[in-house]
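In what follows, chains carry the letters A, B, and so on, assigned in the order in which the sequence lines appear, proteins first and then strands, with residues in each chain numbered from 1. Note that these values count all heavy atoms, side chains included, but never hydrogens, waters or copies made by symmetry.
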2 protein chains.
Amino acid sequence: MERANKRAQLKHNLLSLIRQGGDGAQLPPERELSERLDVARETLRRCLRELELEGLLERRQGAGTFVSGQPVIKQPQLLSFSEDMQARGLTPSSEVLSFRTTGATAKIAQKLQLPPGAPLLEIRRLRMANDEPMALETVYLSKALVAELELSQLTSGSLYGLLHSHFGIQLRSAAQTIQSTVLTEEEAEILEVPPFSPSLLVTRVAVSTQGQAIEYAKSLYRADRYRFEVNVERLSVPADDVSTK
Amino acid sequence: MERANKRAQLKHNLLSLIRQGGDGAQLPPERELSERLDVARETLRRCLRELELEGLLERRQGAGTFVSGQPVIKQPQLLSFSEDMQARGLTPSSEVLSFRTTGATAKIAQKLQLPPGAPLLEIRRLRMANDEPMALETVYLSKALVAELELSQLTSGSLYGLLHSHFGIQLRSAAQTIQSTVLTEEEAEILEVPPFSPSLLVTRVAVSTQGQAIEYAKSLYRADRYRFEVNVERLSVPADDVSTK
DNA sequence: CAGTGGTCTAGACCACTGG
DNA sequence: CAGTGGTCTAGACCACTGG
C-alpha cells in the first residue's frame with residue numbers, strides 16, 4: 001500500500017507548496033525537494049510533470065520550477081458543466097427541464113454497452129452561467145447504476161459529484177465529439193437566442209475508473225458565449241515518415 | 001549527442017517493430033526489448049508511454065504490450081490540414097484562392113508577437129478531401145520568416161512540410177480555439193453549401209520548437225463533413241479538493 | 001561557472017493476468 | 001505460479017540559464 005499511494009501523497013504535498021507559493025513563486029530545486037519529501041528525484045519529477053501538464057507549474061531547464069501565474073490547461077480535461085464554468089470564472093446553475101425513465105435507443109445502447117431498450121434515466125437541463133442561458137444538456141445514465149437518483153438531488157451541485165458521493169462512481173475519461181450545428185426553434189427559445197442560431201454540439205461518452213461506460217451526454221452550447229480552447233502538441237511520426245519505404 | 005538522440009532513435013526502432021507486427025500483435029516483454037535495443041528499461045518505458053498516448057500501442061499490466069488495432073489518438077495532435085485528412089483516410093488537395101503580402105492587424109500582430117503593421121504573407125486556400133470542398137483556410141506567416149516562399153511551392157504537399165524542409169522551421173505546439181459560426185454568402189459559395197450554413201471555426205496560433213509564434217490560421221470547416229474527436233481525461237485536483245479548508 | 005532541470009541507467013520490488 | 005507491466009530508487013552525466 002505504501003507504494004501505490006506514494007505519488008498521490010506526494011502530489012498533495014506539492015499542491016500545498018504551490019498554494020503557499022502563489023503566482024510566480026519558485027519551487028526549491030528538485031534535488032532538495034526530493035530529499036525533503038523523502039522520494040527519489042525521478043519519482044518527484046513524474047509528479048512535477050503531471051502538475052506541469054495540468055498547467056499548475058512551469059519548468060525551465062537551467063532556471064527552475066515556478067508556480068504558473070495563469071494556469072493554462074495543457075491537456076484537455078473531463079469536466080462537468082459546473083466544473084467547466086467554475087474554471088472559466090463563472091457561476092454555474094441549472095434548471096431541470098425534464099427527468100424521466102426511458103428505453104435505450106440502439107445508438108445509445110451501443111455507446112453505453114447496454115442491451116437495446118435497457119432502462120435509462122434521461123435528464124434534460126438548461127445550464128446557466130451567471131444566470132444567463134449557456135447550454136442545453138441531455139444526459140443518459142443506466143437506470144441500473146443510479147436507480148435511487150432523485151430529482152431533488154440535482155438542483156444543487158454537479159452530477160459528477162453526486163455520482164461519486166452517492167453511487168461510488170468515479171469517472172476517468174471520456175470520448176467527445178465537437179460539431180457545429182444550428183438550433184431548432186424550440187432549442188433556440190430555451191437558450192434565448194433567435195431561431196436557427198449557430199451552436200456547438202458536444203457529444204460525450206464518459207467512462208468510469210472501472211472501465212464501464214457511465215454517461216452519454218449531448219450538449220448544445222450557445223455559439224456566442226462558448227468556445228473550446230485546446231492546446232495541441234506536435235507528436236512524432238509525421239505521416240510521410242511512416243510511408244517512407 | 002548520443003544522449004539527446006537516444007529516445008528518437010529508440011522510437012524509430014519501435015515504430016518499425018509496430019509496423020512489422022501489425023494489428024493486435026504482441027510486442028516482446030519490456031525486459032527483453034530493453035536488452036535487445038540496448039537501453040534501460042525505464043528509457044524504453046518512456047517511449048512506450050509516448051506511443052501509447054499516440055494511440056499506437058496498448059499496454060495491459062500482467063498481460064503485455066500490443067499494437068493497437070485501430071489507433072485512437074489519446075492526445076490531440078497538431079496536424080496540418082493535409083496530415084489531418086490523411087489520418088482520416090482521405091486524400092487532401094487544395095486550391096490557392098489568394099496569395100499576397102499585407103500588414104499585420106493589431107490582433108494578428110499580438111498573436112504572432114510582431115509589431116502592428118509588420119509585413120505578413122496571407123495565404124487563402126480552399127482545402128479539399130477526396131476532391132470535395134472541406135474547409136476554407138486563411139494562414140498568416142511573418143514575411144520575415146518566409147520571404148522566399150513562392151506560390152508555386154504551395155500547390156503540392158503541406159505547408160508544414162515546406163516550413164520544415166525549406167525554412168528549417170519545425171512546429172512544436174499550437175493553441176486552438178473551436179467555435180461554431182454560420183458562413184457568409186461568399187464563404188458558402190466557395191464551400192458549395194447553402195448560404196448561412198453552420199461551420200466550425202478553428203483559430204490557431206502555432207509555435208516553433210524554438211518557442212517562436214509562426215503561424216496564425218483561421219479555418220472554416222463544413223459542419224456536415226467535419227467534426228472534432230477529443231479524448232479527455234479526468235485529472236487530479238477536483239476543485240472541491242483545493243477549496244477544502 | 002555554479003546551479004538548475006533533462007536524460008539515462010541498473011536494479012529492486014509491487015500488482016496484475018491468465019492459465 | 002510464471003510472466004507481464006507498474007512503481008520507485010540512487011546515482012551518473014548532459015544541456016541550459018543567468019549572472
**Q.** Distance test, side-chain N/O of A:R59 to OP1/OP2 of C:dG6, below 4.0 Å
**A.**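 Yes, A:R59 has a side-chain N/O under 4.0 Å of OP1/OP2 on C:dG6.
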(Q) With a 4.0 Å limit, can you tell me whether B:R60 has a side-chain N or O closer than that to the phosphate oxygens OP1/OP2 of D:dT4? (A)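 Answer is no, no contact under 4.0 Å.
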Q: Among B:R204, B:R127, B:K218, find the residue that satisfies the side-chain hydrogen bond (donor to acceptor under 3.5 Å, both in side chains) test when tested with B:E137.
A: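 Running side-chain hydrogen bond (donor to acceptor under 3.5 Å, both in side chains) over B:R204, B:R127, B:K218 with B:E137 returns exactly one hit, B:R127.
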Counting side-chain heavy atoms from C-beta on, which of [options] comes nearest to [X]?
| X | options | result |
| --- | --- | --- |
| B:Q61 | D:dT7, D:dC8, C:dA15 | C:dA15 |
| B:R7 | C:dG5, C:dC8, D:dA10 | C:dC8 |
| A:R31 | D:dG5, C:dG6, C:dT17 | C:dG6 |

Output the rounded distance in Å from [atom1] ([X]) to [atom2] ([N]).
| X | N | atom1 | atom2 | value |
| --- | --- | --- | --- | --- |
| B:R41 | D:dC8 | CZ | P | 13 Å |
| A:L48 | C:dG6 | CG | C1' | 12 Å |
| B:R46 | C:dT9 | CZ | P | 10 Å |
| B:R49 | C:dT7 | CZ | P | 12 Å |

Q.
Could you check whether B:R227 makes a cation-pi contact with B:Y221, meaning its NZ or CZ is under 6.0 Å from the centre of the six-membered ring and within 45° of the ring axis?
A.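 Geometry flag: not set, cation outside 6.0 Å or 45°.
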(Q) Parallel, tilted or perpendicular: which one describes the rings of A:Y216 and A:Y140, with boundaries at 30° and 60°? (A)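 Judged by the thresholds at 30° and 60°, the geometry between A:Y216 and A:Y140 is tilted.
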